[in-house]
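Counting begins at 1 with the first residue of the sequence.
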Amino acid sequence: EVKLVESGGGLVQAGGSLRISCAVSGFRFDDYTIGWFRQAPGKEREGVSCISTSDGSAYYARSVKGRFTISSDHAKNTVYLQMNNLKPEDTAVYYCAGDQYFTPFGTSWNSESHYNYWGQGTQVTVPS
């Protein structure tokens with residue numbers, strides 16, 4: 001059974017940093033694709049970032065590029081999202097999503113339909 005478990009959310013002041021984690025288990029093979037999505041109150045869920053652990057290729061939404069960094073630790077089966085210079089508009093529930101067979105390219109990583117497994121979400125709050 002594939003499981004994705006997010007952790008590390010919390011409240012952080014504007015300009016601060018936070019690292020959230022996605023613990024991955026149950027995939028048949030060691031390489032997979034993990035995406036981070038977020039949903040703010042009253043808004044649709046949007047893609048934030050994605051990593052393909054097979055080659056480390058990473059993708060970012062324009063709104064977070066230069067502030068957020070996605071990484072993976074194979075030994076720990078964990079994907080991280082380091083978030084720096086946080087802004088109130090980053091406030092959302094952050095979800096990690098995964099798939100064993102999807103290889104992202106271009107803007108394809110942004111489509112939820114490519115991910116078959118989702119975590120329960122972790123809240124990130126940046127007060128204005």
Nearest 0.5 Å, what's the [atom1]-[atom2] distance between [X] and [Y]?
X: R38; Y: D90; atom1: CZ; atom2: CG; result: 5.0 Å
X: Y117; Y: K3; atom1: OH; atom2: NZ; result: 13.5 Å
X: D99; Y: N116; atom1: CG; atom2: CG; result: 4.5 Å
X: I20; Y: M83; atom1: CD1; atom2: CE; result: 4.0 Å
X: T78; Y: Y80; atom1: OG1; atom2: OH; result: 4.5 Å
X: C96; Y: W36; atom1: SG; atom2: CH2; result: 4.5 Å

[X] (side chain) donor-acceptor with [Y] (main chain) under 3.5 angstrom:
X: E6; Y: Q120; value: yes
X: T91; Y: V126; value: yes
X: S111; Y: W109; value: no
X: E46; Y: Q39; value: no

Could you pull out every donor-acceptor pair under 3.5 Å between side chains of residues 57-65 and any protein atom, sequence neighbours left out?
from : atom 1 : to   : atom 2 : distance (Å)
S57  : OG     : D55  : OD1    : 2.8
Y59  : OH     : P104 : O      : 3.0
Y60  : OH     : I70  : N      : 2.9

Mind checking side chain to side chain donor-acceptor pair (under 3.5 Å) for N85 and listing every partner two or more places apart, or none if nothing turns up?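 If we apply the side chain to side chain donor-acceptor pair (under 3.5 Å) test to N85, skipping adjacent residues, there are no hits.
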
Restricting to side chain to side chain donor-acceptor pair (under 3.5 Å), what partner residues turn up for S52, sequence neighbours left out?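 Once residues adjacent in sequence are excluded, the partners of S52 under the side chain to side chain donor-acceptor pair (under 3.5 Å) criterion are S54.
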
Side-chain heavy atoms nearer than 4.5 Å, only ILVMFWY residues, links allowed to pass through others: does that put [X] and [Y] together?
X: Y95; Y: L81; result: no
X: V124; Y: V93; result: no
X: F27; Y: V79; result: yes

In the structure I gave you, are the side-chain heavy atoms of L18 and L86 within less than 4.5 Å of one another anywhere?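 The answer is yes, as the side chains (C-beta and beyond) meet within the 4.5 Å cut-off.
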
Got H74 and D31 here, is their nearest side-chain heavy-atom distance under 4.5 Å?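 Yes, at least one pair of side-chain atoms sits under 4.5 Å.
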
Of all pairs that satisfy side-chain hydrogen bond (donor to acceptor under 3.5 Å, both in side chains), the ones with a partner from residues 9-28, not counting sequence neighbours: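 Every pair satisfying side-chain hydrogen bond (donor to acceptor under 3.5 Å, both in side chains) with a residue in residues 9-28: S17-N84.
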
Any luck finding a side-chain donor-acceptor pair between T125 and Q123 under 3.5 Å?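 Yes, Q123 and T125 have a side-chain donor paired with an acceptor closer than 3.5 Å.
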
Given side-chain contact (heavy atoms from CB on, under 4.5 Å), test S108 with H114 step by step and report yes or no. CA-CA 8 Å; S108 66; H114 291 303; 4.0 Å; yes

Apply ring-ring contact (aromatic ring centres under 6.0 Å, His included) to the pair Y101 and Y32, showing each step before the final yes or no. CA-CA 7 Å; Y101 301 107; Y32 40 80; over 10 Å; no

Ring geometry between F102 and Y115 (parallel below 30°, tilted from 30 to 60°, perpendicular above 60°):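 Plane angle over 60°, so perpendicular.
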
Which label fits W118 and F37: parallel for a plane angle under 30°, tilted from 30 to 60°, or perpendicular past 60°?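 It falls in the tilted class, 30° to 60°.
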
Go through the structure and list residues passing disulfide (SG to SG under 2.5 Å) with C50, not counting sequence neighbours.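 For C50 there are no disulfide (SG to SG under 2.5 Å) partners, ignoring immediate neighbours.
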
Where do G9 and T122 come nearest, in terms of heavy atoms and distance?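 Scanning both residues, the minimum pair turns out to be N-OG1, 3.1 Å.
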
Restricting to non-hydrogen atoms, name the atom on A40 and the atom on A92 that form the minimum distance, rounded to 0.1 Å.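 Answer, listing the atom of A40 first, then A92: N-CB, 3.8 Å.
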
Checking R45 now: which residues fulfil salt bridge (Lys or Arg N to Asp or Glu O under 4.0 Å) with it, not counting sequence neighbours?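 E112.
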
